[in-house]
Amino acid sequence: MDTDYKYEPKNGLTRWLDSRLPLMRFTSEHVLQFPTPKNLNYFWTFGFILTMCLVTQIITGIILAMHYAPSTLLAFDSVEHIMRNVNYGWLIRYMHSNGASMFFLAVFIHMFRGLYYGSYKEPREVIWILGCIIYLLMIVTAFMGYVLPWGQMSFWGATVIINLVGTLPLIGESLTQMLLGGFAVDNPTLNRFFSLHYLLPFIIFGVVLLHIWALHVPGNNNPVGLSVQGKQDTVSFHPYYTVKDFFAYTVFLLLFCYFIFYNPNALGHADNYIEADAMVTPAHIVPEWYLLPFYAILRAVPDKLAGVLLMFGAIAVLFFLPWLDTAKVRSGRYRPIFRYFYVLFVIDCLILGYLGAQVPEGIYLFLSRVTTIYYFAFFLLVLPVLGRIEKVKPMPIGISNSELSTDMVAAE
Amino acid sequence: MSDTLDDDKPTRRDFLYITTGAFGVVGAASVAWPLIDQLNPDASVKAVSTIEVDISSIEPGSFLKVAWRGKPIYIRRRTTEEIAEAEKDDNLNLPDPQKDIDRVQKKEWLVVVGVCTHLGCIPIANQGEYEGWFCPCHGSHYDISGRIRKGPAPTNLEVPPYEFVSDSLIKIG
Amino acid sequence: MLNFIKIKSLILIASVFFVLSNEAYSAGGETYDLIKPGFSFEGPTGTYDREQLRRGYQVYREVCSSCHSMKQLAFRNLSQKGGPEYTEDDAKVFASEYTIIDGFDDYGDPIERARILSDRFPNPYDSKEAAKASNNGAYPPDLSLITKARSGGYNYIYSLLQGYGKEIPANIEISDTLSYNPWFPGNGIAMYQPLYEESVEYEDGTFASIEQMSADVTAFLAWSAEPEMEERKRLGFIVMSFLIIFVLLMFFTTTRLWKDVH
């Protein structure tokens with residue numbers, strides 16, 4: 001990068017430290033001075049928001065673990081103990097449960113941003129794939145975390161999903177028993193879920209570091225999708241984006257705090273306030289809202305194994321996105337046809353979410369099939385074909401002249 | 001960070017930044033407090049941090065052992081001879097000098113924490129050379145006022161906070 | 001820019017609520033709306049009515065506790081802030097009306113003593129099976145969390161208690177051992193009508209109509225499920241006020257900082 005951004009230790013102490021562990025240099029070059037495109041919009045603040053979400057979940061989670069008991073006999077009561085007896089226990093618990101929802105809300109916006117602006121395209125494919133890994137780890141972590149309160153939904157949600165593993169040919173049954181630690185969801189399952197739920201966030205943290213590291217090789221994408229040409233296109237990350245990110249985070253906090261203080265159970269399910277009972281199945285088993293689209297895809301087809309493969313396929317297809325989309329232009333801003341399909345895709349995902357909470361019958365089942373087909377068609381049909389045939393809108397010359405130029409320039 | 005701009009007066013911009021920063025610090029501290037306070041004893045622990053004990057069935061010369069905050073408490077109903085014995089030794093050269101009257105609210109009732117002040121073992125009642133307690137771990141002897149008389153323990157048996165709710169009920173803690 | 005982010009967030013939130021608001025109560029094809037009498041604790045500034053909570057506790061104690069446990073509650077909760085706020089002495093008296101087995105004596109026999117503040121509410125039955133046997137084969141659920149454990153929340157509980165004695169529609173069959181109740185899923189509830197006019201003689205002289213007792217016991221159950229509610233809303237007010245000011249400060253700071261870019 002530019003020599004202007006080089007770190008120079010100013011005094012004896014910092015020189016001493018710099019030659020042994022270049023911590024200050026690293027912070028200066030990669031956080032404070034890091035040249036960042038100056039035209040980023042608020043969709044780019046969600047990386048920081050997500051980091052804060054992860055930190056929040058880890059801190060509140062570690063505290064909850066000080067008071068929680070991971071045994072089927074004690075789990076439900078220990079959560080009530082936290083809610084009723086532990087100082088500010090109710091606050092920390094609601095921060096954690098609503099924090100999970102906020103985490104997924106933020107990650108969806110973050111991913112949709114990447115999808116729209118072509119942030120997954122060359123040379124950022126690895127960033128995207130690392131992001132998909134983070135998303136997958138988030139899903140597994142959240143799934144295990146939801147089992148811990150040992151309510152009816154905890155138990156039956158776990159039962160339904162783990163039993164899907166049984167559909168795999170040959171290894172299905174033994175793999176299911178290995179996951180369960182038995183023949184049904186019970187104490188061994190709960191205990192190992194607690195251990196892994198504590199572990200995985202730190203793995204997520206590690207992958208996040210890789211994700212940011214990979215990002216710092218080419219630098220951030222931007223709404224125009226054109227690469228940075230020189231200093232005129234960037235500003236130092238600090239103070240411009242540190243302040244802007246924090247501002248966006250405080251707005252995010254407003255929503256978060258509304259849920260915590262005024263509607264803490266809106267995003268949960270009433271049945272989870274009933275202690276798990278292996279002999280009584282709830283009338284409607286539904287996962288948390290952020291898993292509903294996948295639940296809808298799972299139940300769209302009658303064959304269990306096909307449903308499982310489609311559900312995992314829906315996430316797997318994301319990993320191949322950089323190669324499925326053939327367009328040479330990054331940003332959706334200059335791809336008018338793509339924009340229509342993209343908006344349809346967003347609506348498709350919302351409808352899938354709605355359908356995940358309905359009984360898969362009649363019109364709901366029909367719609368699940370239509371929306372599932374479009375989901376896969378978007379990635380496997382639309383994006384590969386569109387890139388080759390679409391006409392792009394005239395693009396600016398560069399980031400600095402985004403408002404001015406009408407000359408058409410293809411992205412590098 | 002020294003400013004080489006010409007106006008040394010704090011600008012409106014600086015005021016804004018400082019106010020925002022101050023709000024941020026206050027916010028961060030306010031969030032930190034519940035995360036730390038959760039470590040403090042919770043309501044269910046505090047609820048059993050005081051206990052009420054019915055002492056009406058204790059005969060003179062015998063004692064009751066109850067648990068309080070995870071430690072044993074000896075509630076001893078002393079006979080007049082025992083009280084006299086305790087007061088007799090008030091002015092001796094004791095390892096931890098203390099008058100008996102300063103260790104009881106009603107002379108008949110001695111309430112002490114049954115944890116040896118040496119290294120924390122539980123002394124055995126009605127044993128030892130001083131009519132009180134004997135700690136088997138390292139040989140500390142306590143008298144009928146719970147005072148250390150012989151052995152390595154540095155101080156007398158602790159008297160917990162307590163009060164007489166009525167003649168037959170004491171509240172400890 | 002801000003509009004964009006808000007629009008996207010709003011769409012996502014709206015969809016979430018859309019997904020959630022899909023609970024209806026059907027009675028053989030007809031949907032009954034919940035009766036919503038309005039409670040003092042509703043809304044962002046709502047608080048519990050102490051008198052109501054005490055009447056509600058009286059209803060629970062005199063009517064419901066013979067079959068329903070409330071094992072998450074301890075007697076000390078009755079005197080803590082944010083609830084019925086009985087004096088500690090009154091709460092002690094309530095506790096002492098029940099006994100508990102606490103340890104064994106020197107002969108190995110169980111020691112039975114009166115309950116104290118730190119003890120939980122007693123269980124009316126020794127086992128789930130005993131509870132079922134005495135109640136039509138159905139287990140009377142623990143009521144500690146009932147208003148959070150049912151869709152429709154406290155309004156559902158209130159409606160349910162009002163739902164007895166209604167005429168059974170022609171197209172619905174209810175088994176003999178069950179009672180018809182339009183709000184209960186499946187419409188046949190194993191619990192017989194629990195409240196009749198003046199089932200309870202209120203200590204404060206309020207007339208004990210079925211609506212009154214239902215409202216009072218519902219409020220008590222709502223408190224039992226969310227004893228932290230008043231503190232939560234109080235803190236919420238402080239936090240939201242702080243955040244709104246902080247957001248404004250951050251907004252001005254951000255725009256001020258970025259003014260000279262471009």
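Reminder, nothing fancy here: chain letters follow the sequence lines and each chain counts from 1.
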Side chain / backbone / both / neither for C:P227 at chain A, heavy atoms under 4.5 Å:
side chain
Neighbour count above 12 (heavy atom, 6.0 Å) for C:K132 NZ
no
If you count heavy-atom pairs under 4.5 Å with chain C, which of A:T250, A:N265, A:L91, A:V286 comes out on top?
A:T250
By a 4.5 Å heavy-atom criterion (distance strictly below it), what part of A:D277 contacts chain C: side chain, backbone, both, or neither?
side chain
Proximity breakdown for C:R256 and chain A, heavy-atom pairs closer than 4.5 Å:
neither
So, the part of C:V247 with a heavy atom under 4.5 Å from chain A: the answer is both
Non-hydrogen atoms of chain C under 4.5 Å away: do they reach the side chain of A:F246, the backbone, both or neither?
both
How long is the gap from CE on C:M191 to CZ on C:F184, to the nearest 0.5 Å?
8.5 Å
Answer with side chain, backbone, both or neither: which region of C:A74 has an atom nearer than 4.5 Å to a non-hydrogen atom of chain A?
neither
With only heavy atoms counted, which part of C:S144 is less than 4.5 Å from chain A, the side chain, the backbone, both or neither?
both
Residue, of A:F252, A:Y249, A:Y262, A:Y94, that accumulates the most heavy atom pairs under 4.5 Å with chain C:
A:Y262
Between A:S101, A:G89, A:C349, A:A270, the one whose heavy-atom pairs under 4.5 Å with chain C are most numerous:
A:A270
Given 3.5 Å as the limit, does a donor-acceptor pair link the side chain of C:N136 with the main chain of C:A190, or not?
yes
Can you say whether A:Q232 sits under 4.5 Å from chain C via the side chain, the backbone, both, or neither, judging by heavy atoms?
neither
Quick one: what part of A:F256 sits under 4.5 Å from any heavy atom of chain C, side chain, backbone, both or neither?
neither
Looking at A:Y42, I'd like to know if the NZ or CZ of A:K244 sits under 6.0 Å from its six-membered ring centre while staying within 45 degrees of the ring's axis.
yes
Centre-to-centre under 6.0 Å for A:Y342 and A:Y116, is that the case here?
yes
Non-hydrogen atoms of chain C under 4.5 Å away: do they reach the side chain of A:I260, the backbone, both or neither?
backbone
Are more than 12 heavy atoms from other residues, nucleotides or ligands located less than 6.0 Å from atom CZ of A:F48?
yes
State yes or no: are the ring centers of C:W183 and C:Y156 separated by less than 6.0 Å?
no
Do you know which of C:I146, C:L249, C:L145, C:T253 has the most heavy-atom pairs with chain A at a distance under 4.5 angstrom?
C:L145
With a 4.5 angstrom heavy-atom cut-off, is it the side chain or the backbone of C:Q80 that approaches chain A, or both, or neither?
neither
Report yes if the side chains of C:W223 and C:L73 come closer than 4.5 Å at any heavy-atom pair, otherwise no.
yes
Mind listing the closest non-hydrogen atom pair of A:N98 and A:P264 along with its distance?
ND2-O, 3.3 Å
Under 4.5 Å from any heavy atom of chain C, what part of A:F104 do you find: side chain, backbone, both or neither?
neither
Before we go on, tell me: are the rings of C:W258 and A:Y241 under 6.0 Å apart, centre to centre?
yes
